[in-house]
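Proteins come first, then strands; the chains are lettered A, B, ... in the order of their sequence lines, and each starts at number 1. These numbers were taken from a predicted model, which means no experiment stands behind them.
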There are 2 protein chains.
Amino acid sequence: MDPLGFAPHDHRDCKREAMAAAEAHCARHRLNFTPVRRRVLELLLGGHRAMGAYEILDTLRDEGLGAQPPVAYRALDFLVANGFAHKIERLNAFIACTHPETSHTPAFLICRGCNAVAEAHAEPARGMLGAAAEAAGFEIEQAVVEAIGRCPRCRAEAAPCR
Amino acid sequence: MDPLGFAPHDHRDCKREAMAAAEAHCARHRLNFTPVRRRVLELLLGGHRAMGAYEILDTLRDEGLGAQPPVAYRALDFLVANGFAHKIERLNAFIACTHPETSHTPAFLICRGCNAVAEAHAEPARGMLGAAAEAAGFEIEQAVVEAIGRCPRCRAEAAPCR
DNA sequence: CTCCATATGTTATTCTATAACAGTTATGCG
DNA sequence: CGCATAACTGTTATAGAATAACATATGGAG
């Protein structure tokens, strides 16, 4: 559980930009960017890692923004539905989207050492999977692509002499 | 929750073959294919669909093979670790592998209508994702690829006139 | 103002998963 | 054989993830 993206950068910048993008998107689409929703996105952006719903809920509770699970889940549902965050199925956790607005099929690189998560692009509907689906008569609407492995930092720690 | 593979076939056959393959693999690798493990694989093969750990546990309990969650989870862990079954992260459920022995990177087609799951091949480590990982210095060890959509049957039901 | 949609608050429950420890069986080795 | 050890099972307890159901508030649209 550490920085992220696997490359150091200014978190404040990406947080500020992402919040601004979310504000703009909500204004444009008449979406209700309420305090709870805003705060949850801030938490995800600030944590800059995959966070469990209950971890987020703890903070909301401390801040008087809601004490029960549905409060957190509703906000997370909103963020996911609007592309501001993604769910990492493998971790049962959520992470802020690092490039919203861009239409994308997200793929994730999950480090099994430090649980850091990087978001990448992938179009699984094309390529082998798409072909297999078509052959089976299956219509792909959405895809979960999550690679588990080791990030540069953890690889370096594990095998310093390589 | 229905048949599977999206194509009708003789379940008895695939069940018998898969059990035989598991027996052989365990014998060859000195793995302990105990009654609980055997029974859980049978259940997965017989159900021929993604099954929750607690659904399996219910049956084990009825049959006097174990009443507590760890019993089911341990057996499932064994089956997954040895390639006899896979976990469907999206459903928090487990499914028997339809072609064990073959080394493979499984990908799944999950129907959101009936929850049927078909197993396909995919090599996400190649292609776009592999390139992105390499660029990030990330070493992929394993990947979860799950496509959500509609199977032929559910597509037909939903849009009979298409 | 009233109705309706949207969002929040709360209770309760279900499902998923694992930690921790106790007992039991199987196996290998001296 | 007898013992040590590893592997497996049994059980208790708890943590974590998710949602159903219903109550309340709030903010427009007509």
* Asked: Which letter, B, S or -, goes with each nucleotide of nucleotides 13-21 of chain C from 5' to 3', with contact meaning a protein heavy atom under 4.0 Å?
  -> ---BBBBB-
* To do: Taking atom CD of B:Glu141 as the centre, report whether more than 12 heavy atoms of other residues, nucleotides or ligands fall under 6.0 Å from it.
  => yes
* Asked: What does B:Leu76 touch in the nucleic acid at a heavy-atom separation under 4.0 angstrom: a base, only the sugar-phosphate, or nothing?
  -> nothing
* Would you call A:His48 and A:Cys14 a side-chain contact if the rule is heavy atoms closer than 4.5 Å? -> yes
* Structure fact -> A:Arg30 CZ to C:dA7 P, in whole Å, measures 14 Å
* Measure from CG on A:Asn115 to C1' on D:dG16 and round the result to the nearest Å. => 15 Å
* Tell me: CG of B:Leu57 to C1' of D:dT11, nearest whole Å? -> 12 Å
* For the residue pair A:Arg49 and A:Val117, establish whether any side-chain heavy-atom pair is separated by less than 4.5 Å. => no
* Check the angle between the aromatic planes of B:His25 and B:Phe84 and answer parallel, tilted or perpendicular using the 30° and 60° thresholds. => perpendicular
* To do: For A:Asp58, check salt bridge (Lys or Arg N to Asp or Glu O under 4.0 Å) against everything at least two apart and list the hits.
  => A:Arg61
* Is B:Leu31 touching bases, backbone alone, or none of the nucleic acid, heavy atoms closer than 4.0 Å? -> nothing
* To do: Assign A:Arg37 to base, sugar-phosphate, or nothing according to its heavy-atom contacts below 4.0 angstrom with the strands shown.
  => sugar-phosphate
